[in-house]
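Residue indices begin at 1 and follow the sequence shown. The figures here come from the full heavy-atom set of this structure, side chains too, leaving out hydrogens, waters and symmetry mates. As the structure is a prediction and not an experimental result, all values here were calculated from the model.
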Amino acid sequence: MPIAQLNIGITRYPVDDPRMIGFTGRIEIINSIADRSDGFIWRLIDDSDKDGALDLRLPGQEDILVNMSVWRDIDSLFHYVYKTAHAKVMRDRADWFEPLKDRHLVLWYVPEGHIPSLEEANDCLQLLQANGPCPDAFTFDVPFTEAGVPISPNFPKKDCA
């Protein structure tokens, strides 16, 4: 079953500010790596920016940038995030984004052929932030199988409330 991810961030500066070029100047290359990666299925783009979704926001949260994609499985997503040039962008995140009190990444399984909406993604993020990792909303640190079983044997299964 495919896995979806939502990653959010509040920028330190306006997106068109020169101090954001280290992030905005990499979007095209990082997205092209994703597009060519084994296991990549889909990523969110807006009508005005074919290389990303800089104009799209979560419902009611106009100051939060979003990145959302769907992958064949958690291993292919993990490889892209941490084993490609994308990892450098993640390490430099604090240069462009404010620290968040709540989690900024959520993972969840989607049916084959399903493209998640931002509303669905926001619901998953809210579930994770309210209840912690569970089979319907989890993280790389506390992943679950598509059957809802924790991948880490040391982590007890938690139902979503």
With a 4.5 Å cut-off on side-chain heavy atoms, are Gln5 and Val106 touching? no
Determine whether Val81 and Phe140 make a side-chain contact, defined as any pair of heavy atoms from C-beta on separated by less than 4.5 Å. yes
Residues Phe23, Ile30; criterion side-chain contact (heavy atoms from CB on, under 4.5 Å); working and verdict: CA-CA 10 Å; Phe23 172 72; Ile30 296 302; over 6 Å; no
Test item: Pro2 and Trp42 side chains (from C-beta on) under 4.5 Å apart, heavy atoms: no
Set out, in order, the CA-CA distance, both residues' side-chain angles and the distance that settles side-chain contact (heavy atoms from CB on, under 4.5 Å) for Glu98 and Thr11, then state yes or no. CA-CA 6 Å; Glu98 297 289 347; Thr11 59; over 6 Å; no
Stepwise side-chain contact (heavy atoms from CB on, under 4.5 Å) check, Leu107 with Trp71: CA-CA 10 Å; Leu107 310 174; Trp71 295 77; over 6 Å; no
Decide yes or no on side-chain contact (heavy atoms from CB on, under 4.5 Å) for Arg93 and Asn7, but give the supporting numbers first. CA-CA 12 Å; Arg93 180 180 175 91; Asn7 186 10; 3.5 Å; yes
Could you state the interatomic distance from CG (Leu77) to CZ (Phe40), rounded to the nearest 0.5 Å? 11.0 Å
If you round to the nearest 0.5 Å, how far is CZ of Phe97 from CE of Met90? 10.0 Å
Yes or no on salt bridge (Lys or Arg N to Asp or Glu O under 4.0 Å) for Arg103 and Asp141, after CA distance, side-chain angles and deciding distance? CA-CA 12 Å; Arg103 297 173 192 267; Asp141 292 332; 5.7 Å; no
Quick check: does any side chain N or O of Asp46 sit under 3.5 Å from a backbone N or O of Asp55, one acting as donor and the other as acceptor? yes
So do His79 and Thr84 actually touch side chain to side chain, heavy atoms under 4.5 Å? yes
Starting at CG of Leu44, measure out to CG of Leu6 and round the result to the nearest 0.5 Å. 9.0 Å
Please report the shortest heavy-atom distance between Tyr82 and Ala87, naming the atom on each side. O-CB, 3.6 Å
Please examine the side chains of Tyr13 and Pro18, heavy atoms only from C-beta on, and report whether any two atoms are closer than 4.5 Å. no
Check whether Ile21 and Ile29 end up in the same hydrophobic cluster, where Ile, Leu, Val, Met, Phe, Trp and Tyr are linked by side-chain heavy atoms less than 4.5 Å apart. no
Taking atom CE of Met1 and atom CD1 of Ile74, what is their separation to the nearest 0.5 Å? 13.5 Å
Side chains of Gln126 and Leu58: closer than 4.5 Å at any heavy-atom pair? no
A side-chain contact here means heavy atoms from C-beta on lying under 4.5 Å apart; do Glu120 and Val110 qualify? yes
Here the pair of heavy atoms bringing Cys124 nearest to Asp136 is SG-O, 3.9 Å
Let me confirm one number: the CG-CE distance from Leu125 to Met68, rounded to the nearest 0.5 Å. 11.5 Å
Report yes or no: do Ser76 and Asp73 form a side-chain donor-acceptor pair below 3.5 Å? yes
If you take all heavy atoms of Pro133 and Phe144, which pair is closest and at what distance? C-CE1, 3.9 Å
Beyond-backbone contact of Arg19 with Trp96, side-chain heavy atoms, under 4.5 angstrom: no
State, to 0.1 Å, how close Leu128 and Ala137 come at their nearest heavy-atom pair, and which atoms those are. CD1-O, 3.5 Å
CG-CE distance between Asp95 and Met20, expressed to the nearest 0.5 angstrom: 10.0 Å
